[in-house]
Amino acid sequence: MSRIPIIAGNWKMHKTPEQAVAFVQELAPLIEPYGNVDRVVAPTFLALGAVAAALEGSVVKVAAQDAHWEASGAYTSQVSAAMAQPFVDYVIIGHSECRAYLNESDDNVNKKAKAILACGLRPIIAVGESLAQNEAGETVEFVRSQVSAALDGISADELQRVVIAYEPIWAIGTGRSASGEQADGIISAAVRDTVRALYGDASADALRIQYGGSVKPGNMQEFMSQPNIDGALVGGASLQSADFAALVEIASRVKGL
Ligand code: PGA
């Protein structure tokens, strides 16, 4: 089963609309040649329109960093999947920063995933354990529960548009990444096997699962060499065009589809 690797740059609260447009104009020509990799940038909501316009006709796709499950309504500060839909192909949900600072719950992640799928978009669902959970040996059980909760009520057909990002919280923005083998083992046991139990072999084998947490050009080869890792969700290193391009080049070369 060959899965097209997917590299997504999560810019978090970085880059103004003007900076984001200038950045994609510089980045796109560097990463366009690698057709065997899906390439995605996730700017601030404010920049989605301008970045989508700048990337019109490009193979580089745009993601929103979140989306509310209702299409519209009295939800001050929120942006719905339906509102983001004209500009994006993907929406990141369940990021640990949203879970930690914005009270994102498993139930909300599930409702968001369904709304994103109903809009014809692709959710990138982030899961991952804290340092305390990791040290207590609770990682697999915890990540399994996040995956099952996020996918509750999602059909096998819809699952084909889902990407899951395994991001150990202790590795995000810390410079401290999991080892490739460690990440592969958790992804296999806690993500792919959970999906296997819920949906069967074909769905599990087709599911794309990213690793995230301090991914950079220097460790990308190690992650991409793992059989269960199909790309990366990247924060810091996605803010520099040379680093972003290096990550795409390594994924393209190592996965070599
Ligand atoms: P990082 O962020 O690459 O800066 O660790 C990853 C993420 O938050 O998705």
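In each ligand, atom 1 is the first atom listed, and ligand 1 is the first ligand listed.
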Under a 4.0 Å N-O cut-off, is there an ion pair linking R3 with D205? no
If you measure from the Lys or Arg side-chain nitrogens to the Asp or Glu carboxylate oxygens, is any gap between D243 and K216 under 4.0 Å? no
Run the salt bridge (Lys or Arg N to Asp or Glu O under 4.0 Å) check on E32 and R39 step by step: do they pass? CA-CA 8 Å; E32 272 166 353; R39 293 137 287 180; over 6 Å; no
Within this structure, what is the CG-CZ distance for the pair D230 and R192, rounded to the nearest 0.5 Å? 5.0 Å
By the side chain to side chain donor-acceptor pair (under 3.5 Å) test, which pairs, at least two apart or in different chains, include something from residues 40-49? none
Drop me the distance from R176's CZ to L131's CG, to the nearest 0.5 angstrom. 5.5 Å
Check each N or O atom of ligand 1 against all protein N or O atoms and list the pairs under 3.5 Å, with atom names and distances to 0.1 Å, one per line.
unit_1: ligand 1; atom_1: 2 (O); unit_2: K12; atom_2: NZ; d: 3.3
unit_1: ligand 1; atom_1: 2 (O); unit_2: G235; atom_2: N; d: 3.4
unit_1: ligand 1; atom_1: 3 (O); unit_2: G235; atom_2: N; d: 2.8
unit_1: ligand 1; atom_1: 4 (O); unit_2: G236; atom_2: N; d: 2.8
unit_1: ligand 1; atom_1: 5 (O); unit_2: G173; atom_2: N; d: 2.7
unit_1: ligand 1; atom_1: 5 (O); unit_2: S214; atom_2: N; d: 2.7
unit_1: ligand 1; atom_1: 8 (O); unit_2: K12; atom_2: NZ; d: 2.7
unit_1: ligand 1; atom_1: 8 (O); unit_2: H95; atom_2: NE2; d: 2.7
unit_1: ligand 1; atom_1: 9 (O); unit_2: H95; atom_2: NE2; d: 3.3
unit_1: ligand 1; atom_1: 9 (O); unit_2: E167; atom_2: OE1; d: 3.3
unit_1: ligand 1; atom_1: 9 (O); unit_2: E167; atom_2: OE2; d: 2.6

